[in-house]
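Okay, structure first, notes after.
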Amino acid sequence: MDKAVVLTGYMGAGKSSVAAELGRILGAEVLDTDARIEELEGMSISSIFKQYGEAYFRDKETSLLEKLKEEGFCGILSTGGGMPLRSANREFLRDLGCVFYLKASPAAIARRLSEDDSRPLLAGAKDMAEKEKRIAAMLTEREAAYEDGADIIVDTDEAGVKECADFILRKLND
Ligand code: S3P
């Protein structure tokens, strides 16, 4: 691969699973920005948010993209759900390769994250209904950034991991 395949989208959209499947099929390196930042900082995303705050984490995301661009990263890049919010990040992602926005509805996301408590931005929701409401509000705020940063939108609501990966591979070969 001479360019990266970049996956963006909200938490629970399936970025990590689809990235792993693409990596398997293409025999390419898979890099997860959250995992890399956890490694570099030596602590979990939740602890980074707690100890240093969200702005610190966002700066780490931007520095990581800058570094990947410098290195000419050309594997599969699975990004944290807030990565496209900064316009500078959207530019870095576009420079790295083809950007696929994995889109999912609030209901699908809430279902997929029902047992998950690793996401600091959704922590403390008292039930599924409140979680879904929070997700819907954040998605409304973020949608324009996700769409603006994307080359191609992948609707994941009705599609499984394999179908999403196959759709992406078809688009890459178009
Ligand atoms: C975030 C999504 C998370 C992680 C952090 C913030 C967001 O990544 O980067 O908790 O702002 O949507 P995932 O999308 O991999 O859960």
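Indexing begins at 1, ligand by ligand and atom by atom, following the structure's order.
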Going by the 4.0 angstrom heavy-atom rule, the piece of Thr33 near ligand 1 is neither
Honestly, for Arg119 the part within reach of ligand 1 (heavy atoms, under 4.0 Å) is side chain
Here the atoms of ligand 1 under 4.0 Å from any heavy atom belonging to Gly80 are 8 (O), 9 (O), 14 (O)
Under 4.0 Å from one or more heavy atoms of Gly82, ligand 1 contributes atoms 1 (C), 7 (C), 11 (O), 12 (O)
Atom 13 (P) of ligand 1: closest protein heavy atom, distance to 0.1 Å, is Asp34 OD2, 3.5 Å
Within 4.0 Å of some non-hydrogen atom of Ile45, the atoms of ligand 1 are 5 (C), 10 (O)
- Message: Let's go through Glu143 and Tyr101 carefully: what are the C-alpha distance in whole Å and the side-chain angles of both, what is the deciding distance for side chain to side chain donor-acceptor pair (under 3.5 Å) to 0.1 Å, and is it a yes or a no?
- Response: CA-CA 10 Å; Glu143 195 64 33; Tyr101 163 34; 3.1 Å; yes
Per side chain to side chain contact (heavy atoms under 4.5 Å, CB included), Lys15 is matched among Val6, Leu7, Asp32 by Leu7
The closest protein heavy-atom partner of atom 12 (O) of ligand 1 is Arg142 NH1, 2.7 Å
Atom 14 (O) of ligand 1: closest protein heavy atom, distance to 0.1 Å, is Lys15 NZ, 2.5 Å
Per-atom filter on ligand 1: closer than 4.0 angstrom to a heavy atom of Pro120 are 10 (O)
Rounding to 0.5 Å, atoms CD1 (Ile168) and SG (Cys98) come to a distance of 9.0 Å
Arg58 heavy atoms within 4.0 Å reach ligand 1 at atoms 6 (C), 7 (C), 11 (O)
